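Start at 1 and go down the list; that is how both ligands and their atoms are numbered. None of these values were measured; they are calculated from a predicted model.
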Amino acid sequence: MTLSQTSPFLARLDVDGGSVDPSGSRTQRRASDLRGYFADAGALERAIESADPVIYEVSSAPVPEEAGEVPFSITTVLPGRVGAEFHMTRGHGHLTAEGEVYTGLSGVGILVLYDGSTVRTLDLLPNRTAYVPPGWAHRSVNVGDEPLRFLAVYSGAAGHDYERVARHGMGARVLADGSGHRVEEDPPAG
Ligand code: S6P
Ligand code: ZN
């Protein structure tokens, strides 16, 4: 058995600040990083021109993305919309057949899962853990008025495939509907 180069450690989850302490990296995605992801491209360009807001950020624990390791991170999706579509992550699948768990920390969200033909949605809520089976692409959407925060725990061997979602989408979009939301089919073009 290979011993990890990572020493055992205890991390503090700063839910209000959306960070893991100690933190390995913190990544911000602004509207300008998300061209091509939202249905209303015009609304996205207007958002970029006005303030280029942060849509989401990820604070990761200092765990290497290597086989055998178990990285974890807090994602914060800020509240808001681009046109009718709620703020969301880019979404990705894993490069290997590895699952993942998401545990809600604060706010109200929808986890969209897509296996290439079937769409499933799960509520992302505090004290609920959503299971992402191997082979399902996943995207998190903030449908509330507060920041959506969740803890993701995944295999260091998983890798991230952004290409498939960037090209073919997630099979559905989460849109505002009155004071609530609705999930609309978004089949891949062609
Ligand atoms: C990693 C895990 C999350 C996401 C994060 C941002 O496997 O699913 O940490 O990376 O929520 O989403 P995305 O789609 O930009 O990686
Ligand atoms: Zn993932």
Could you tell me, atom by atom, which parts of ligand 1 come under 4.0 Å of a heavy atom of Ser73? 9 (O)

Can you tell me how the ring of His160 sits relative to the ring of His92, calling it parallel under 30°, perpendicular over 60° and tilted otherwise? perpendicular

Atoms of ligand 1 under 4.0 Å from any heavy atom of Val58, numbered from 1 in the order shown, are 5 (C), 6 (C)

Residue from Glu98, Glu100, His94, Glu65 passing side chain to side chain donor-acceptor pair (under 3.5 Å) with Tyr154: Glu65

Under 4.0 Å between a side-chain nitrogen and a carboxylate oxygen: does that hold for Glu85 and Arg173? yes

I need the nearest protein heavy-atom contact for atom 16 (O) of ligand 1: residue, atom name and distance, please. Tyr162 OH, 2.5 Å

For atom 15 (O) of ligand 1, what is the nearest protein heavy atom, given as residue, atom name and distance? Tyr56 OH, 2.5 Å

Could you tell me which atoms of ligand 1, counted from 1 in the order shown, lie closer than 4.0 angstrom to a heavy atom of Thr75? 5 (C), 9 (O), 11 (O)

Identity and distance of the protein heavy atom lying nearest atom 12 (O) of ligand 1: Thr89 CB, 3.5 Å

Close side-chain approach of Phe150 to Thr76, heavy-atom, < 4.5 Å: no

Location of contacts on Arg29 toward ligand 1, heavy atoms closer than 4.0 Å: neither

Of all protein heavy atoms, the one nearest atom 2 (C) of ligand 1 is Glu100 OE2, 2.7 Å

Pull out every atom of ligand 1 sitting under 4.0 Å from any heavy atom of His94, numbered as shown with elements. 7 (O)

Can you find a heavy atom in the side chain of Leu151 that is under 4.5 Å from one in the side chain of Leu13? yes

Below 2.8 Å, can you find an N, O or S atom of His92 next to the Zn ion (ligand 2)? yes

For atom 8 (O) of ligand 1, which of Tyr154, Tyr37, Tyr102 has the closest heavy atom? Tyr102

Heavy-atom proximity to atom 13 (P) of ligand 1, best of Glu57, His92, Glu98: His92

Would you say the rings of His138 and Tyr131 are close, in the sense that their centroids are separated by under 6.0 Å? no

Regarding Glu57 and Arg29, does a basic nitrogen lie under 4.0 Å from an acidic carboxylate oxygen? no

Mark up the atoms of ligand 1 that fall under 4.0 Å of a heavy atom belonging to His138, in ascending order. 8 (O)

Just by distance, no angles: are the side chains of Asp115 and Ser117 close enough, under 3.5 Å, to form a donor-acceptor pair? yes

Please work out whether any backbone atom (N, CA, C, O) or any side-chain heavy atom from C-beta onward of His160 is under 4.0 Å from ligand 1, and answer side chain, backbone, both or neither. side chain

Test your reading of the structure: does Gly91 have an N or O sitting under 3.5 Å from an N or O of ligand 1? yes

